Amino acid sequence: MTIEIKALTRQTMPILGEHFKRHRAESGTNGVHFMPFAPDDTNGPTGATVDRSFWPIDKPGWQRWFCIHELATGNIVGHVDLKTDPLRAGLHWCHLGIGIESAYRGRGLGGKLMDCAIAFAKSTHTIDFIELRVFSNNLPARALYKKKGFVEIGTLKDRFRLQGQSIDDTIMVLDVRG
Ligand SMILES: CC(C)(COP(=O)(O)OP(=O)(O)OC[C@H]1O[C@@H](n2cnc3c(N)ncnc32)[C@H](O)[C@@H]1OP(=O)(O)O)[C@@H](O)C(=O)NCCC(=O)NCCS
């Protein structure tokens with residue numbers, strides 16, 4: 001398997017959309033959710049916003065996306081995104097999201113995507129903190145975040161109710177300056 005991690009471009013937006021469809025369909029299939037949407041929910045993750053993905057980092061609302069490309073198929077099979085605060089006063093914070101299609105997990109790609117996002121944040125010299133939320137029962141993701149230095153700062157109990165399951169949401173933060 002030859003893969004490459006590349007920043008999102010306007011040209012690769014459509015294949016990111018295809019990845020999102022496959023990835024969302026996997027959430028909850030074995031009773032373990034990683035997105036706050038039931039399989040029959042007509043809502044879904046918002047994905048990349050065309051313009052915001054290329055806004056300068058001093059403009060509130062910017063996003064950055066890094067994607068795993070599988071060269072043999074031309075597909076995107078994983079992503080990590082950073083989205084900043086919509087308020088100018090919160091520009092030193094951003095929010096991280098990550099997802100890899102099931103066939104590509106457990107091969108070190110999640111770690112590589114996290115390294116890429118953290119390196120980008122450090123390179124800006126303006127982002128001081130990365131925040132994320134993770135379902136408390138998502139142990140692989142929590143282990144990955146801890147390994148990369150994120151600290152758990154609290155849990156929102158019963159944050160989501162999906163298909164009869166009550167799901168707690170854990171908040172984790174990385175101090176990029178540390
Ligand atoms: C969480 C996710 C991104 C991890 O990606 P991955 O490519 O499988 O992870 P890696 O192979 O790079 O593993 C990196 C570390 O993650 C942790 N990890 C990964 N899979 C794990 C598992 N099944 N059980 C426990 N820890 C695990 C380990 O700490 C691992 O480090 P190690 O190999 O030194 O033990 C991936 O499982 C995924 O996309 N899951 C579905 C979507 C999701 O949960 N997104 C996060 C929502 S908040």
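Keep in mind it's a predicted model, so treat the numbers as computed, not measured.
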Lys122 backbone acceptor or donor facing Arg177 side chain under 3.5 Å: no
Side chains of residues 38-45: which donor-acceptor pairs under 3.5 Å do they make with residues two or more places apart or in other chains?
unit_1 : atom_1 : unit_2 : atom_2 : d
Asp41  : OD1    : Asn43  : N      : 2.8

Distance, nearest 0.5 Å, that separates NZ of Lys59 from CZ of Arg52: 8.5 Å
Aromatic plane relationship, His23 with Phe20 - under 30° parallel, 30 to 60° tilted, over 60° perpendicular: perpendicular
More than 12 heavy atoms from other groups under 6.0 Å of CZ on Arg107: yes
Check: Ser102 main-chain N/O paired with Glu26 side-chain donor or acceptor under 3.5 Å: yes
Whether Phe160 and Phe135 hold their rings parallel, tilted or perpendicular, with breakpoints at 30° and 60°: tilted
Backbone N/O of Thr49 and side chain of Gln63: donor-acceptor pair under 3.5 Å: yes
Side-chain donor or acceptor of Asn75 paired with backbone N/O of Val77 under 3.5 Å: no
CZ on Phe150 to OG1 on Thr170, rounded to 0.5 Å: 13.5 Å
Ring geometry between His79 and Trp65 (parallel below 30°, tilted from 30 to 60°, perpendicular above 60°): tilted
Arg88 side chain vs Asp58 backbone, donor-acceptor pair below 3.5 Å: yes
Donor-acceptor contact present, side-chain Thr124 to main-chain Ala121, <3.5 Å: yes
